Amino acid sequence: MHDIRFIRQFPEAFDDALKRRGDSPVAERILELDRRRRRRIARAEKLRAEQKAASRKIGRAKAEGDMAKFDVLRRKVSEARETMTVLDREASEADDALRQLLLTIPNRAFKDVPDGSSEDDNLVVRTWGEPREFSFEPREHFEIPGVASGMDFKTAARMSGSRFVLMSGAVARLHRALGQFMIDTQTRENGLLEMWTPVLVRGNAMRGTGQLPKFAEDSYRTEGGQWLIPTAEVTLTNIAGDTIVDEHCLPWRFCAHTQCFRSEAGAAGKDTAGMLRQHQFEKVEMVSVTAPEASIEELERMRGCAEGILEALGLPYRTVVLCTGDMGFGARKTYDLEVWLPGQGKHREISSVSNCGDFQARRMNARLRRRASRAVEFVHTLNGSGLAVGRTLIAVLENGQRQDGGVDIPKALEPYVDGATSISASGELA
RNA sequence: GGAGGAGUGGCAGAGUGGUCGAAUGCAUCGGUCUUGAAAACCGACGUGGGGGUAAAACUCCACCGUGGGUUCGAAUCCCACCUCCUCCGCCA
């Protein structure tokens, strides 16, 4: 949600920001709605003030027992009432219209975000690790002999449909180990507070983080009207919603390991093989809530928390800054971490770390109170994957695969799999 | 699912038709006192919006769970909804 005062003051800058993202200008439309809204409010309030004053007089007349005066005044106010009802309604309609429009406009990118229209314009800012030299043709994760038996898409499809998986044995175990390893690392080494959150939320929470109203078709809704979260960003960020927190309590740094649900509408035919793109997956999510002046630095810290997992697992990756056209709805700046997948011979997104500025905070009314001035202002919110568990499993399997069909397990994971160092070609931990 | 109770400022908690944005307490902030701190005392202290201003000052409007309604006038009366709590039922 945008600050209407900013748009009033800098309509050109506002439209320029939209243009950078490839969207058409709306400032003129917004300002017209705003003018209409303000005109209605001014008129309605003036009338209300008069009516209020008259009411007080009526009260006084009655108290003094002057019934003649009482009746005259009362009739007069009665007549004005109808006009006021109309003006009131028009004012609130104008207000709603403006609000609805503002809710569908994406955030403005920071100045240091590269302009561009697609992922081709993203900027690589860091590369870590060397893709391994294979003495054989590396396979995609689901083709690796030691993995195939533990990753069953057919059975999952029979009960749930496409884009679901049934994992078993060593693969299931390794997947669980990854989630545990990630959340342990984020809490022990990076000092984030572990949270356990609902995965079903009200529409209001989805609106707060920006999934609604515009992207309803991307998420699942229950019959009762609740939504399955597409990411724990929704629940973790909404912790700050509708609160005023003392500034010295910030930053808040949360993480949670949850199931995530996405309809993947519009991704038909994309990444259909393997478990890269599933309707249900696990993710360890990080969320920070900071004072406005601290969010830029916090983004770098959070990015480091995500990168640290890949490095601990020895997975080669690169970090890119998303260009304006590739950024998500609520972000002012986003880093994507792309892990090297030898089976595909490509880098694929495994984490996305964003600074949303006050965009989400405005939507959910998340504020802080300054210690010295007692002033209240909106907090800044950030979120990032730390990391997507399913995709990390893919990366571990593809990068660790051996010619014999087995997979070497990263050292950091050994404590989480009873000291096993590999999965054999027959799919056993060894 | 059934029955009952309740939702008021950062928190607790008064207030049942007329200057109520709302007593009081706690918390917070400023000050006095003190070597310092505590205590005590004095003072300040809601949010959002409109007008106004260079910015203030100032001024108006709204907000007592949400949305409607009654009334000249609603925190207070009526209706619907939401949420929470208690008891019963069911249940991982």
Side-chain angles (χ1 to χ4, degrees), chain A residues 1-10 30-103 196 198-208 222-227 235 238-250 252 259 289 291 358 361-379:
Chain A
M1 177 94 100
H2 291 280
D3 184 359
I4 184 69
R5 277 165 296 196
F6 176 86
I7 305 173
R8 272 181 213 147
Q9 211 172 347
F10 309 107
I30 291 171
L31 289 180
E32 200 191 310
L33 275 172
D34 183 48
R35 279 190 295 269
R36 197 168 91 201
R37 167 177 169 274
R38 289 202 282 173
R39 269 199 303 270
R40 299 291 142 89
I41 287 175
R43 280 162 63 194
E45 286 191 351
K46 188 166 170 252
L47 225 67
R48 183 171 293 281
E50 285 167 12
Q51 193 231 23
K52 225 176 132 175
S55 276
R56 272 195 282 259
K57 270 191 220 156
I58 293 172
R60 237 174 288 137
K62 196 183 176 192
E64 288 162 9
D66 187 344
M67 291 318 278
K69 192 176 169 193
F70 175 80
D71 279 334
V72 171
L73 283 168
R74 204 175 61 172
R75 208 160 311 125
K76 216 172 118 191
V77 175
S78 265
E79 283 160 17
R81 223 173 132 218
E82 221 164 289
T83 325
M84 210 181 64
T85 311
V86 173
L87 279 169
D88 266 353
R89 207 190 48 235
E90 286 180 355
S92 79
E93 277 169 5
D95 191 58
D96 285 350
L98 180 62
R99 189 176 308 272
Q100 287 310 313
L101 177 59
L102 286 175
L103 278 174
W196 187 96
V199 296
L200 278 171
V201 297
R202 297 214 176 102
N204 209 30
M206 296 280 279
R207 207 162 301 120
T222 67
E223 230 173 287
Q226 282 159 323
W227 297 80
T235 45
N238 271 281
I239 293 169
D242 282 318
T243 64
I244 300 177
V245 56
D246 284 332
E247 71 171 321
H248 63 266
C249 297
L250 297 176
W252 283 351
Q259 303 282 337
V289 177
D358 65 4
R362 283 178 186 281
R363 291 175 158 245
M364 66 177 71
N365 207 19
R367 293 167 299 171
L368 65 85
R369 189 184 295 283
R370 295 292 184 185
R371 197 182 234 312
S373 64
R374 313 299 300 152
V376 171
E377 44 189 297
F378 290 109
V379 297

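Chain identifiers are assigned alphabetically (A, B, ...) following the order of the sequence lines, protein sequences preceding nucleic acid strands; residue numbering begins at 1 within each chain. Not measured: the values here are computed from a predicted model.
The same atom, C1', is picked in B/G65 and in B/U53; the two are 37 Å apart, to the nearest Å. If you take atom P in B/U34 and the same atom in B/A23, they sit 34 Å apart, rounded to whole Å. Remark: the separation of the P atoms in B/U76 and B/G17 is 11 Å, to the nearest Å. Between the P atoms of B/G48 and B/C11, the separation comes to 15 Å (whole Å). Nucleotides B/C29 and B/C20 have their C1' atoms positioned 26 Å apart, rounded to a whole Å. Rounded to whole Å, the C1' atom of B/A56 lies 36 Å from the corresponding atom of B/G15. Nucleotides B/A6 and B/A14, compared at atom P, are 12 Å apart to the nearest Å. Look at the C1' atom in both B/C78 and B/C41: the space between them is 49 Å, to the nearest Å.
Residue A/K52 places no side-chain N or O under 4.0 Å from the OP1 or OP2 atom of B/C60. Within the 4.0 Å cut-off from OP1 or OP2 of B/G73, not a single side-chain nitrogen or oxygen of A/R74 is found. Phosphate proximity of B/G10 to A/R369: absent, as no side-chain N or O sits under 4.0 Å from OP1 or OP2.
Across A/H2 and A/R362, no two heavy atoms sit closer than the pair C-CD, 4.2 Å. The two residues A/V379 and A/A361 make their nearest non-hydrogen contact at O-CB, 3.2 Å. In terms of heavy-atom proximity, A/L250 sits nearest to A/A291 at CD1-N, 3.9 Å.
Base pairing of B/G43 is made with B/C29, judged by Watson-Crick or G-U wobble geometry with both donor-acceptor distances under 3.5 Å. Applying the Watson-Crick and G-U wobble criteria (two distances, each under 3.5 Å), B/C87 pairs with B/G2. Taking a pair to require two hydrogen-bonding distances under 3.5 Å in either a Watson-Crick or a G-U wobble arrangement, B/C58 pairs with B/G51. A 3.5 Å limit on both hydrogen-bonding distances identifies B/C82 as the Watson-Crick or G-U partner of B/G7. A 3.5 Å limit on both hydrogen-bonding distances identifies no Watson-Crick or G-U partner for B/U35.
Rounding to whole angstrom units, NZ of residue A/K46 and P of B/A62 are separated by 16 Å. Put simply, CD on A/Q9 is 13 Å from P on B/A54, counting in whole angstrom units. The CG-P distance, from A/L368 to B/G10, rounds to 14 Å in whole Å. Between the CG atom of A/D71 and the P atom of B/G73 there is a distance of 15 Å, rounded to whole Å. The NZ atom of A/K62 sits 13 Å away from the P atom of B/U19 (whole-angstrom rounding). Protein atom CZ of A/R39 is 20 Å distant from nucleotide atom P of B/G49, rounded to whole Å. Atom CG in A/L47 sits about 12 Å away from atom P in B/G73, given to the nearest Å. Between the CG atom of A/N365 and the C1' atom of B/G65 there is a distance of 15 Å, rounded to whole Å.
Rounding to the nearest 0.5 Å gives a distance of 4.5 Å between CZ of A/R37 and CG of A/D95. A distance of 13.5 Å separates CG of A/L73 from NZ of A/K62, quoted to the nearest 0.5 Å.
Among the protein residues, A/A54 comes within range of no part of the nucleic acid, since none of its heavy atoms lies under 4.0 Å from any strand. Backbone-only engagement by A/R8 is indicated by non-hydrogen atom pairs under 4.0 Å involving sugar-phosphate atoms exclusively. A/R48 comes within 4.0 angstrom of sugar-phosphate atoms only, judged by non-hydrogen atoms across all strands, and of no base. At a threshold of 4.0 angstrom between heavy atoms, the contacts of A/R43 with the nucleic acid are absent. Backbone-only engagement by A/R367 is indicated by non-hydrogen atom pairs under 4.0 Å involving sugar-phosphate atoms exclusively. Residue-level contact check: A/R370 touches neither bases nor backbone, having no heavy atom under 4.0 Å from any strand. Nucleic acid contact for A/I58: base, since at least one base atom lies under 4.0 Å from a heavy atom of the residue.
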### Task
Applying side chain to side chain contact (heavy atoms under 4.5 Å, CB included), run through A/E50 and A/K46 and close with a yes or a no.
CA-CA 6 Å; A/E50 285 167 12; A/K46 188 166 170 252; 4.0 Å; yes
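Salt bridge present: A/E93 and A/R89 bring a charged side-chain N and a carboxylate O closer than 4.0 Å.
Toward the 5′ end of RNA chain B lies the nearest nucleotide of A/V376, the other residue of the pair A/V376 and A/A42 mapping further downstream. Map A/R37 and A/R56 each onto its nearest nucleotide of RNA chain B; the residue landing nearer the 5' end is A/R56.
Dense packing is recorded around CG of A/D246, with more than 12 heavy atoms of other residues, nucleotides or ligands lying under 6.0 Å away.
Of the candidate nucleotides B/G51, B/C61, B/G18, B/G51 has the atom nearest to the side chain of A/R38.
Evaluation of atom-type donor-acceptor distances gives no pair under 3.5 Å for the side chain of A/Q51 against the base of B/G73.
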